[in-house]
Peer 1: 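Would you mind keeping the following structure in view while I ask a few things?
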Amino acid sequence: MIHSGSQMSTFDGNNGGKSNFNLASPPDNTQGYGRVSLRNVLPLTQQTNFDLFVDDLRSINENSVNNFYATITDSNPDLIVTLSWYDPPGIDGTTGSVLLQDLDLTITGPDGSITYSNGGSSLDHLNNNEKIDIYGPLIGTYQISVSSNALPVTGSQLYSIVITCGGTISS
């Protein structure tokens, strides 16, 4: 569901009596990861250059990096990557961030630019669901990196990753 989310442009629901307002890029507190759109996960009949990669039980060790590569040959559809994992319950009485098993998602483009997950400008140390949408990606190879920090509970972490693009995906 998270991977299929598409940006919504305006919000016209119950918003405290305010008139319609424009929405920023997802995720945010109004639209979450966006409106469900299966075209982001399943190829349409007229799309001939669409690749879908799903790995539901990938493992990463503490302080490691797993890389995947998306070779873009068509800038439509967009490059979309979603990372999710189960984080164990926090300790009772803990305040602030309680993410115990911290993974991070980044994409390095063919031009060397780095894109961080969830619309951020740095690594996300708060969420166990991370997503990157690159609209109209450049032709070339993107490096998709899943990195781990300290994993104090188990020393390793299982995660799921979904990647879609107009091209090919390898690991």
Side-chain angles (χ1 to χ4, degrees), residues 1-9 22-44 46-85 87 99 101-151 157-171:
M1 297 292 268
I2 292 172
H3 191 80
S4 75
S6 287
Q7 180 175 351
M8 297 164 45
S9 58
N22 293 330
L23 296 172
S25 296
D28 64 30
N29 291 333
T30 304
Q31 65 182 315
Y33 284 93
R35 181 185 70 245
V36 172
S37 176
L38 289 181
R39 74 176 55 207
N40 290 340
V41 182
L42 303 173
L44 301 175
Q46 62 267 35
Q47 284 182 308
T48 57
N49 195 17
F50 182 89
D51 199 5
L52 167 65
F53 177 87
V54 177
D55 193 338
D56 193 34
L57 291 174
R58 183 66 61 125
S59 181
I60 190 167
N61 292 322
E62 188 171 65
N63 299 311
S64 297
V65 178
N66 290 350
N67 290 317
F68 304 85
Y69 300 91
T71 301
I72 305 299
T73 56
D74 186 350
S75 60
N76 184 23
D78 302 324
L79 171 59
I80 303 173
V81 182
T82 304
L83 170 69
S84 295
W85 69 97
D87 193 57
L99 189 61
Q101 302 281 98
D102 187 16
L103 304 183
D104 290 301
L105 175 65
T106 58
I107 298 179
T108 304
D111 61 355
S113 63
I114 297 175
T115 305
Y116 297 97
S117 65
N118 296 338
S121 57
S122 62
L123 297 175
D124 181 340
H125 298 296
L126 300 175
N127 298 294
N128 65 326
N129 292 307
E130 299 190 16
K131 183 179 178 191
I132 297 175
D133 294 300
I134 297 180
Y135 303 106
L138 299 172
I139 303 301
T141 300
Y142 287 77
Q143 179 177 294
I144 300 157
S145 299
V146 176
S147 59
S148 65
N149 296 295
L151 302 173
Q157 179 66 46
L158 291 175
Y159 66 89
S160 299
I161 189 165
V162 179
I163 306 168
T164 53
C165 70
T168 58
I169 302 162
S170 60
S171 59

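Values below: every heavy atom of this structure, side chains too, minus hydrogens, waters and symmetry copies. The residues of the chain are indexed from 1 along the displayed sequence.
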Peer 1: Applying salt bridge (charged side-chain N to carboxylate O under 4.0 Å, His left out), which residue pairs with at least one partner in residues 52-72 are found, sequence neighbours left out?
Peer 2: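 Listed by first then second residue: Asp55-Arg58.
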Peer 1: Provide the closest heavy-atom pair for Cys165 versus Pro77 in the form atom of the first, atom of the second, distance.
Peer 2: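 Smallest interatomic distance, heavy atoms only, reads C-CG, 3.9 Å.
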Peer 1: Do Asn66 side-chain atoms and Ser59 backbone N/O form a donor-acceptor pair below 3.5 Å?
Peer 2: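 At least one qualifying donor-acceptor pair exists.
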Peer 1: Taking Tyr116's backbone N and O only, do any of them form a donor-acceptor pair with Thr106's side chain (distance below 3.5 Å, no angle check)?
Peer 2: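 No, Thr106 side chain to Tyr116 backbone: no donor-acceptor pair under 3.5 Å.
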Peer 1: Taking C-beta and beyond as the side chain, do Lys131 and Asn118 meet within less than 4.5 Å on heavy atoms?
Peer 2: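 Heavy-atom side-chain distance check passes, below 4.5 Å.
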Peer 1: Side chains of Pro110 and Tyr142, heavy atoms from C-beta outward: is any pair under 4.5 Å?
Peer 2: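 Yes - at least one pair of side-chain heavy atoms lies under 4.5 Å apart.
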Peer 1: Is there side-chain contact between Ile72 and Leu138, with heavy atoms separated by less than 4.5 Å?
Peer 2: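 No, their side chains stay 4.5 Å or more apart.
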Peer 1: Is there a side-chain contact (heavy atoms from CB on, under 4.5 Å) between Ile144 and Leu105 once you walk through the steps?
Peer 2: CA-CA 7 Å; Ile144 300 157; Leu105 175 65; 3.9 Å; yes
Peer 1: Is there a side-chain contact between Trp85 and Leu158 in this structure, where contact means two heavy atoms from C-beta onward sitting under 4.5 Å apart?
Peer 2: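 No, every pair of side-chain atoms sits at 4.5 Å or beyond.
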Peer 1: Nearest 0.5 Å, what's the OG-CG distance between Ser117 and Asn129?
Peer 2: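 Between atom OG of Ser117 and atom CG of Asn129 there are 10.0 Å.
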Peer 1: Between Leu103 and Leu151, is any pair of side-chain heavy atoms under 4.5 Å apart?
Peer 2: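 Counting from C-beta outward, Leu103 and Leu151 do come under 4.5 Å.
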Peer 1: Using side-chain heavy atoms (C-beta onward) and a distance below 4.5 Å, is Val162 in contact with Ile80?
Peer 2: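 Of all side-chain heavy-atom pairs linking Ile80 with Val162, none is under 4.5 Å.
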Peer 1: Applying side-chain hydrogen bond (donor to acceptor under 3.5 Å, both in side chains), name anything that partners Thr108, two or more places apart in sequence or on another chain.
Peer 2: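 Here no residue qualifies.
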Peer 1: Can you tell me if Asn128 and Asp87 form a side-chain donor-acceptor pair at under 3.5 Å?
Peer 2: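 Looking only at side-chain atoms, Asp87 and Asn128 do not form any donor-acceptor pair under 3.5 Å.
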Peer 1: Could you tell me the separation between the CZ atom of Phe53 and the CD1 atom of Ile163, rounded to the nearest 0.5 Å?
Peer 2: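 Phe53 atom CZ to Ile163 atom CD1 measures 5.5 Å (nearest 0.5 Å).
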Peer 1: With distance as the sole test, does Thr71 use its side chain to make a donor-acceptor pair with the main-chain N or O of Gly167 at under 3.5 Å?
Peer 2: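 Side chain of Thr71 to backbone of Gly167: no pair is present.
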Peer 1: Can you tell me how far the NE2 atom of His125 sits from the CG atom of Asp102, to the nearest 0.5 Å?
Peer 2: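 The distance works out to 5.5 Å.
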Peer 1: Roughly how far, to the nearest 0.5 Å, is OG of Ser122 from CD1 of Ile114?
Peer 2: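 Atom-to-atom, Ile114:CD1 and Ser122:OG are 11.5 Å apart.
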Peer 1: Identify the heavy atoms of Asn127 and Asp124 that sit nearest to each other, and give their distance.
Peer 2: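 For Asn127 versus Asp124, the nearest heavy atoms are ND2-OD2, 2.8 Å.
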Peer 1: Measure the spacing between CD1 of Ile132 and CG of Leu83 and express it to the nearest 0.5 Å.
Peer 2: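 The CD1 atom of Ile132 sits 9.0 Å away from the CG atom of Leu83.
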Peer 1: Quick check: does any side chain N or O of Asn61 sit under 3.5 Å from a backbone N or O of Ser64, one acting as donor and the other as acceptor?
Peer 2: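 No, because the side chain of Asn61 does not come within donor-acceptor range (under 3.5 Å) of the backbone of Ser64.
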Peer 1: Sequence neighbours excluded, which residues qualify as ring-ring contact (aromatic ring centres under 6.0 Å, His included) partners of Tyr159?
Peer 2: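 Here no residue qualifies.
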Peer 1: Looking at CD1 of Ile60 and CG of Asn149, how far apart are the two atoms once the value is rounded to the nearest 0.5 Å?
Peer 2: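 Here the interatomic distance stands at 9.5 Å.
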